Amino acid sequence: MASEVRRVALASSAGNAVELYDFLLYGTAAALVFDKLFFPSFDPRIGTLLAFATFGAGFLARPLGGVVIGHFGDRIGRRPMLVLTLTATGLCTAAIGLLPTYSSIGLAAPLLLVLLRVVQGFFLGGEQGGATLMAVEHAPVGRTGWYGSWTFLGSPLGLLLANGAMAASTAVSGDAFLTWGWRVPFLFSLVLVGVGLYVRLSVEESPAFRDARSAVGTVRLPVAVVLRQSWRKVVLGAGVNLGFNMFIFVVATFAVSYGTRELGMARGTLLNAGLIGAFAQAVAILVFARLSDRVGRLPVMLGGAAFLGVFAFPLFWLLETRSPGLVVLAMVLAFAGSAAVFGPMPAYYAELFGTRVRYSGVSLSYQLGAVLGGGLSPVVATWLLTATPTHDSWPISLYLIVGALISALSLLAIGETLRRHP
């Protein structure tokens, strides 16, 4: 039994890592190259703003993907939907790597880029909820936080893969990076999808879903039941994820653009700092998730929300030193501290909704927070930076503090979930 649970958790983590690689790779490319290749006729800062806007377009489709794929996940099963989402997201990523640029086909290039990004976001919207449920619903009582967190290891691992692939391609291609080097990490997605499918197809359907379907059948319209009976949990759950997503996508994507364009730092320095930070987050996710199994979700996640607000100003103070060591410190603290919110999330969201509508409820609530937080934060941060005459970072820090407050208040309104058995 224990070996089966570990195998499922590892499969969820591996599949989610591949999907997050696909999604986060786009954010890194938006910070480094898309403004030059797909929006070259604009002022550099406006080009960056437009590139981040296409990054946000993927988030807009995520709640819809969560609803549609969550519907079939609650009716047909978790496993087949996860095979679909992994395959479709990887194909979209590879297609981006084959796109002609603005210099070749004009406006059609950014339009195709946005279209692929939207489709990619749609399928990712249905991935994360299902992947977390496979791990949580297989886990034994008292260990749901621990095993559920293995799924979200896919996020820092995906970032490690994305930044690592981009850094390696930068080093190998050199001056040809803008010509062909940037394409290689996108095409490499096909290899990762093959590995992810091999692992994911080896696990069985969620026992909680099988038992519920055998005992009482499935719900005809799961999302309708969620919105009628649990709309408050959906809204507050979205608030919890909103502040975290605002913070983490400013750190993971905007900070790379800010460091290279505004601070004049080397691209490799920021990518390597992100790699170290992502590794620190992976370790911290496990620590905080296990702690939440012992003391409860609320104190751990509330402490994490407080960190998001407290660190909003020091984050930029450290970056603005331009010292490689202090930039690494900023990334390590940002990624590791935010894991106090992120690590317990899989179990936390699963505990908000009943088994028969859980895929729909988790996906909708989580993805609404993602689109309002992560989807908008690089665009808002870039706009706030350009809105000040001297391009100061303090408005961005205030923006992150507002997000942290929303997360904290939403957590307090929901209360503890650990001992609930929906």
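Every value quoted in this text rests on a predicted model; they were computed, and no experiment measured them.
- Counting heavy atoms from C-beta on, the side chains of Phe244 and Ser338 come closer than 4.5 Å.
- Judged as a side-chain hydrogen bond (donor to acceptor under 3.5 Å, both in side chains), the pairs with a partner in residues 81-90 (not counting sequence neighbours) are, in order, Glu19-Thr85, Glu19-Thr89, Thr85-Glu127.
- Nearest approach of Gly97 to Phe186, heavy atoms of both residues: CA-CB, 3.6 Å.
- Two residues are said to be in side-chain contact when any heavy atoms from C-beta on lie closer than 4.5 Å; Val327 and Arg322 fail this criterion.
- Leu411 approaches Ala305 most closely through the heavy-atom pair CD1-CB, 4.3 Å.
- Proximity of a side-chain donor or acceptor of Thr386 to a complementary backbone N or O of Trp383 within less than 3.5 Å is detected.
- You'll find the side chain of Asn241 stays beyond 4.5 Å of the side chain of Leu368, heavy atoms only.
- In this pair, Phe247 and Phe311 present their aromatic rings tilted. The plane angle is within the 30 to 60° band.
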Which atom pairs, donor and acceptor, lie under 3.5 Å between side-chain atoms of residues 150-160 and protein residues at least two apart or in another chain?
{"unit_1": "Trp150", "atom_1": "NE1", "unit_2": "Trp146", "atom_2": "O", "d": "3.4"}
{"unit_1": "Thr151", "atom_1": "OG1", "unit_2": "Ala131", "atom_2": "O", "d": "3.4"}
{"unit_1": "Thr151", "atom_1": "OG1", "unit_2": "Gly148", "atom_2": "O", "d": "3.4"}

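- A 4.5 Å side-chain heavy-atom check between Ser377 and Tyr399 finds at least one atom pair inside the cut-off.
- Taking every heavy atom of both residues into account, Ala9 and Ala135 meet most closely at CA-CB, 4.3 Å.
- Annotation: side chain of Val18 is not in contact with side chain of Val195 (no heavy-atom distance under 4.5 Å).
- Other residues, nucleotides and ligands contribute only 12 or fewer heavy atoms inside 6.0 Å of the CH2 atom of Trp231.
- Closest heavy-atom contact between Arg117 and Gln120: NH1-OE1, 2.6 Å.
- In this structure, Thr144 contributes its side chain and Ala139 its backbone to no donor-acceptor pair below 3.5 Å.
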CA sep, side-chain torsions, deciding dist, call: Val250, Phe316, side chain to side chain contact (heavy atoms under 4.5 Å, CB included): CA-CA 11 Å; Val250 164; Phe316 285 96; 4.0 Å; yes
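- Between Phe254 and Tyr258, the ring-plane angle classifies as parallel under the 30° and 60° cut-offs.
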Steps toward side chain to side chain contact (heavy atoms under 4.5 Å, CB included) verdict (Arg62, Val371): CA-CA 7 Å; Arg62 282 170 64 168; Val371 67; 5.6 Å; no
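- The distance from atom CE of Met265 to atom CG of Leu271, rounded to the nearest 0.5 Å, is 11.0 Å.
- Taken to the nearest 0.5 Å, the CG atom of Leu190 stands 9.0 Å off from the CG atom of Asp22.
- Using modelled atom types, one side-chain atom of Ser397 and one backbone atom of Ala312 make a donor-acceptor pair closer than 3.5 Å.
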Would you be so kind as to tabulate the donor-acceptor pairs closer than 3.5 Å made by side chains of residues 68-80, with sequence neighbours excluded?
{"unit_1": "Asp74", "atom_1": "OD1", "unit_2": "Arg78", "atom_2": "NH1", "d": "3.0"}
{"unit_1": "Asp74", "atom_1": "OD1", "unit_2": "Tyr359", "atom_2": "N", "d": "3.1"}
{"unit_1": "Asp74", "atom_1": "OD2", "unit_2": "Ser360", "atom_2": "N", "d": "2.9"}
{"unit_1": "Asp74", "atom_1": "OD2", "unit_2": "Ser360", "atom_2": "OG", "d": "2.8"}
{"unit_1": "Arg75", "atom_1": "NH1", "unit_2": "Val219", "atom_2": "O", "d": "3.0"}
{"unit_1": "Arg78", "atom_1": "NE", "unit_2": "Glu137", "atom_2": "OE1", "d": "3.2"}
{"unit_1": "Arg78", "atom_1": "NH1", "unit_2": "Gly73", "atom_2": "O", "d": "3.3"}
{"unit_1": "Arg78", "atom_1": "NH2", "unit_2": "Glu137", "atom_2": "OE1", "d": "3.4"}
{"unit_1": "Arg78", "atom_1": "NH2", "unit_2": "Glu137", "atom_2": "OE2", "d": "2.8"}
{"unit_1": "Arg78", "atom_1": "NH2", "unit_2": "Thr355", "atom_2": "O", "d": "3.3"}
{"unit_1": "Arg79", "atom_1": "NE", "unit_2": "Val203", "atom_2": "O", "d": "2.6"}
{"unit_1": "Arg79", "atom_1": "NH2", "unit_2": "Leu201", "atom_2": "O", "d": "2.7"}

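- Distance OG/Ser365 to CG/Leu236: 8.0 Å, rounded to 0.5 Å.
- In this structure, CZ in Phe188 is found 13.0 Å from CE in Met166, a value given to the nearest 0.5 Å.
- Side chains of Tyr348 and Val240 form a contact here, defined as non-hydrogen atoms less than 4.5 Å apart.
- Considering only heavy atoms from C-beta on, Glu262 stays 4.5 Å or farther from Glu320 through its side chain.
- Heavy atoms only, all atoms of each residue included: Gly374 and Asn245 are closest at N-CB, 3.2 Å.
- Leu133 approaches Val362 most closely through the heavy-atom pair CD2-CG2, 4.2 Å.
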Side chain to side chain contact (heavy atoms under 4.5 Å, CB included) assessment of Ile414 paired with Leu298: CA-CA 9 Å; Ile414 292 173; Leu298 184 61; over 6 Å; no
Val341 vs Leu302, side chain to side chain contact (heavy atoms under 4.5 Å, CB included): CA-CA, chis, key distance, verdict: CA-CA 7 Å; Val341 180; Leu302 197 58; over 6 Å; no
Salt bridge (charged side-chain N to carboxylate O under 4.0 Å, His left out) between Glu204 and Arg210, intermediate numbers included: CA-CA 10 Å; Glu204 299 295 327; Arg210 287 200 313 264; 5.3 Å; no
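- Contact check for Leu37 versus Tyr102: no side-chain heavy atoms found under the 4.5 Å cut-off.
- Looking only at distances, a side-chain donor or acceptor of Ser292 sits under 3.5 Å from a matching main-chain atom of Ala289.
- To the nearest 0.5 Å, atoms CH2 (Trp182) and CD1 (Ile96) are separated by 8.0 Å.
- Listed for the Arg358 side chain is a donor-acceptor partner under 3.5 Å among the backbone atoms of Phe353.
- Atom CD1 of residue Ile401 and atom CD1 of residue Ile396 lie 12.5 Å apart, to the nearest 0.5 angstrom.
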